[in-house]
Amino acid sequence: MMKKCNKFLVLFLFLITAASLFSFENKDYIVRIIVTNHSEVYTIGTQYTVIDARDNYVDVLTTKAEISELKAKGYVLEVMGTVSEQFEEINKLPGKGEYHTYAEMVAILNNLATSYPGITKLDTIGYSVQGRLLLALEITDNPGIPENEPEFRVNGCHHGNEWPASEIPLYLAEYLCQNYGSIDTVTNLVNNREIWIIPMLNPDGHEAQTRRNANSIDLNRNYGYMWIGEGGDVVQ
């Protein structure tokens, strides 16, 4: 069963990542920028749509005009292909993935809480800058009742334009609810853990397709507790 699940997750990630390319209608090209220091990622990320980053390169979704601009700035580039070429490959696969909007995410969580009241409890843990709900779905055998069980949290979408980060928590929530009582591993997890799933920590950025929130803050670069990393927007 685990092998089948892993294969599905790989395909799921592949499909939804490809779907993100389609959402940037004016970004036609996938370009690899060669870098010599990972800190360059932060500079590039403030001006261009980064979809992947490593120690020696950054992949961006971009336009012909931006390609010319990058070359003028002295960057060494490699055009990896166009979005349409990527989708020609995706369309050959059985089935396609798509991202959910904030409203669709809310509807899914509400539906899970309504459909599985014995193991779920939907809670609002706060509000975004623009007033959107920050929702958390508790999944356990006695939701709303504190028990002496290990607790863990799965959250997604610190960066609003990294859409797979919200899809995986949503899929996990659906998987746990739909398979409780039929798959032993799932049943054991739900019965003996307190699971909290928060698919969107940055719903404003998600809807605007921006990395930062509506206050132009990169959320996971700016936590106040013991933050010592690069790329922060606020002086601690």
Side-chain angles (χ1 to χ4, degrees), residues 5 8-10 12-13 16-17 19-20 23 45 50-53 97-113 116 119-141 143-144 146-147 149-180 186 189-190 192-234 236:
C5 182
F8 178 81
L9 282 174
V10 169
F12 180 79
L13 278 168
I16 61 176
T17 300
S20 70
S23 67
V50 174
I51 58 173
D52 190 21
E98 62 179 18
Y99 288 117
H100 296 92
T101 65
Y102 166 77
E104 289 170 339
M105 181 273 297
V106 173
I108 289 171
L109 294 183
N110 277 317
N111 181 62
L112 289 174
Y116 303 94
I119 59 171
T120 64
K121 181 177 183 293
L122 188 59
D123 199 2
T124 300
I125 60 173
Y127 297 86
S128 71
V129 176
Q130 297 177 337
R132 294 183 173 91
L133 299 174
L134 302 180
L135 294 176
L137 183 69
E138 181 186 13
I139 303 178
T140 187
D141 59 340
E147 295 183 296
E149 296 177 341
E151 304 175 14
F152 70 91
R153 180 187 70 231
V154 179
N155 57 50
C157 201
H158 276 90
H159 297 153
N161 62 355
E162 294 176 357
W163 285 23
S166 58
E167 296 301 321
I168 299 307
L170 271 180
Y171 167 73
L172 176 61
E174 291 181 318
Y175 183 82
L176 292 174
C177 290
Q178 292 168 1
N179 291 286
Y180 178 73
V186 172
L189 280 173
V190 174
N192 297 286
R193 300 291 188 275
E194 185 177 312
I195 305 166
W196 288 89
I197 296 180
I198 309 168
M200 286 189 195
L201 284 173
N202 184 9
D204 296 345
H206 181 277
E207 292 302 283
Q209 298 184 10
T210 59
R211 179 184 179 93
R212 294 166 170 77
N213 72 357
N215 279 335
S216 295
I217 297 297
D218 186 341
L219 294 182
N220 80 331
R221 296 287 191 270
N222 291 280
Y223 284 116
Y225 180 69
M226 298 181 67
W227 172 253
I228 56 174
E230 296 181 68
D233 300 304
V234 179
Q236 302 294 335

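Predicted model only: the values in this text are computed from it and were never measured.
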### Query
Which atoms form the tightest heavy-atom contact between Pro143 and Ile119, and what is the distance?
CG-C, 3.9 Å
### Message
Tell me which one of His206, Glu167, Met200 satisfies side chain to side chain contact (heavy atoms under 4.5 Å, CB included) with Met105.
### Response
Met200
## Note on the structure
Tightest non-hydrogen contact, residues Ala165 and Cys157, listed as CB-N, 3.4 Å
### Task
Measure the shortest side-chain to side-chain distance between Leu134 and Ile198 over non-hydrogen atoms and say whether it is less than 4.5 angstrom.
no
### Message
Test your reading of the model: is there a side-chain donor-acceptor pair from Asp204 to the backbone of Val129, 3.5 Å cut-off?
### Response
yes
### Task
For Pro150 and Asn192, work out which heavy atoms get closest and say how close.
CD-O, 3.5 Å
#### Entry: Residue pair Glu207 / Arg132, side-chain heavy-atom distance below 4.5 Å
yes
### Query
Is it the case that Asn202 and His159 place a side-chain donor and acceptor less than 3.5 Å from each other?
no
### Task
Kindly compute the distance separating CD (Glu138) from CG (Leu122), expressed to the nearest 0.5 Å.
10.5 Å
### Task
Could you check Tyr127 against Leu133 for side-chain contact (heavy atoms from CB on, under 4.5 Å), going step by step and ending with a plain yes or no?
CA-CA 5 Å; Tyr127 297 86; Leu133 299 174; 3.1 Å; yes
### Query
Between Tyr180 (side chain) and Leu189 (backbone), is there a donor-acceptor pair under 3.5 Å?
no
#### Entry: N/O donor-acceptor pair under 3.5 Å between Thr140 side chain and Arg193 backbone
yes
### Message
Restricting to non-hydrogen atoms, name the atom on Ala136 and the atom on Ile125 that form the minimum distance, rounded to 0.1 Å.
### Response
CB-CG2, 3.8 Å
